[in-house]
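Heads up, the thing below is written out as structure tokens.
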Amino acid sequence: ENWVPDTWIAKDMSKFVGTAFAAAMAELNRQKRDSVICIPKCKEIAYIKFKEEIQTLLSAGVTVDMTAVQEVEGKLNTVIDKFFDADPLVPEHGWKVQDIELTLPEAGNARIDWGGLDPSGVKCQVDYKVKLKLDVYTRSLAVKQYRYDPQMMHYNWAYNVNRYYICLVA
């Protein structure tokens, strides 16, 4: 039922990149809302979260391939750097963050990553998705997967908006 592999390799740890990236984005969006951006702090939060996840495994007695940890941490670094180099949700382009990691209790505790106004001034929500591999084929699959995703529709209903964006980061 709650099976966990005895030994974790890079593929198993890849999900921690998404968790760490989400922690960094939450911090970045708080900074954007407060108009005080400190990218090194966002990166530090991501690395701390990633290391906490690894430590949880080690504390549970799971064997962790430390070479794989370095490999996955390198991927985390790449994803974060790529995002910061081309962040599409900047105030200079008209995006205005209002809600960050907002939990909606009346909707089963759904939690949106980002809520606010898009460049046309329409209330919307944004969901971050991290892919470690994204070529033409996997990008097409990801777009199809998220286009009418029930999770996004639920978030829209819960946040009372008609517009959502997927921020696909690879």
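This chain uses plain numbering: 1 for the first residue, then up along the sequence. Just so it is clear, the structure is predicted and the values come from calculations on it, not from any experiment.
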Results of salt bridge (charged side-chain N to carboxylate O under 4.0 Å, His left out) for Arg111 - residues two or more places apart only
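For Arg111 the salt bridge (charged side-chain N to carboxylate O under 4.0 Å, His left out) partners, ignoring immediate neighbours, are Glu101.
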Mind checking salt bridge (charged side-chain N to carboxylate O under 4.0 Å, His left out) for Glu71 and listing every partner two or more places apart, or none if nothing turns up?
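Per chain and number, Glu71 pairs via salt bridge (charged side-chain N to carboxylate O under 4.0 Å, His left out) with Lys75.
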Which pairs of donor and acceptor atoms, one on a side chain in residues 136-148, lie under 3.5 Å apart (sequence neighbours left out)?
from, atom 1, to, atom 2, distance (Å)
Thr138, OG1, Asp135, N, 2.8
Thr138, OG1, Asp135, O, 3.4
Thr138, OG1, Asp135, OD1, 3.0

With a 3.5 Å cut-off and sequence neighbours excluded, list the donor-acceptor pairs that the side chains of residues 34-46 form with protein atoms.
from, atom 1, to, atom 2, distance (Å)
Lys43, NZ, Asp81, OD1, 2.5

Using ring-ring contact (aromatic ring centres under 6.0 Å, His included) as the criterion, list what pairs up with Phe16, not counting sequence neighbours.
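For Phe16, the residues satisfying ring-ring contact (aromatic ring centres under 6.0 Å, His included) (neighbours in sequence not counted) are Trp8.
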Tyr164: which residues meet the ring-ring contact (aromatic ring centres under 6.0 Å, His included) condition with it, sequence neighbours left out?
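Once residues adjacent in sequence are excluded, Tyr164 has no partner under the ring-ring contact (aromatic ring centres under 6.0 Å, His included) criterion.
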Partners of Ala110 by side-chain contact (heavy atoms from CB on, under 4.5 Å), sequence neighbours excluded?
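So Ala110 forms a side-chain contact (heavy atoms from CB on, under 4.5 Å) with Ala107, His154, Tyr155.
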For Asn160, check side-chain contact (heavy atoms from CB on, under 4.5 Å) against everything at least two apart and list the hits.
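Asn160 satisfies side-chain contact (heavy atoms from CB on, under 4.5 Å) with no residue once adjacent residues are dropped.
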Pairs meeting criterion ring-ring contact (aromatic ring centres under 6.0 Å, His included) with involvement of residues 45-71, two or more places apart
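Not a single pair qualifies under ring-ring contact (aromatic ring centres under 6.0 Å, His included).
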Not counting sequence neighbours, list each pair that qualifies as a salt bridge (Lys or Arg N to Asp or Glu O under 4.0 Å) and has a residue in residues 153-170.
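Sorted pair list: Asp118-Arg163.
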Are any of the side-chain nitrogens in Glu53 or Lys15 under 4.0 Å away from the carboxylate oxygens of its partner?
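Salt bridge absent between Glu53 and Lys15.
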Mind checking what makes side-chain hydrogen bond (donor to acceptor under 3.5 Å, both in side chains) contact with Asp65, not counting sequence neighbours?
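Counting only residues at least two positions away or on another chain, Asp65 forms no side-chain hydrogen bond (donor to acceptor under 3.5 Å, both in side chains).
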Check: residues 84-94 side-chain donor-acceptor pairs under 3.5 Å, at least two apart:
from, atom 1, to, atom 2, distance (Å)
Asp87, OD1, Lys32, NZ, 3.3
Asp87, OD1, Leu89, N, 2.8
Asp87, OD2, Lys32, NZ, 2.6

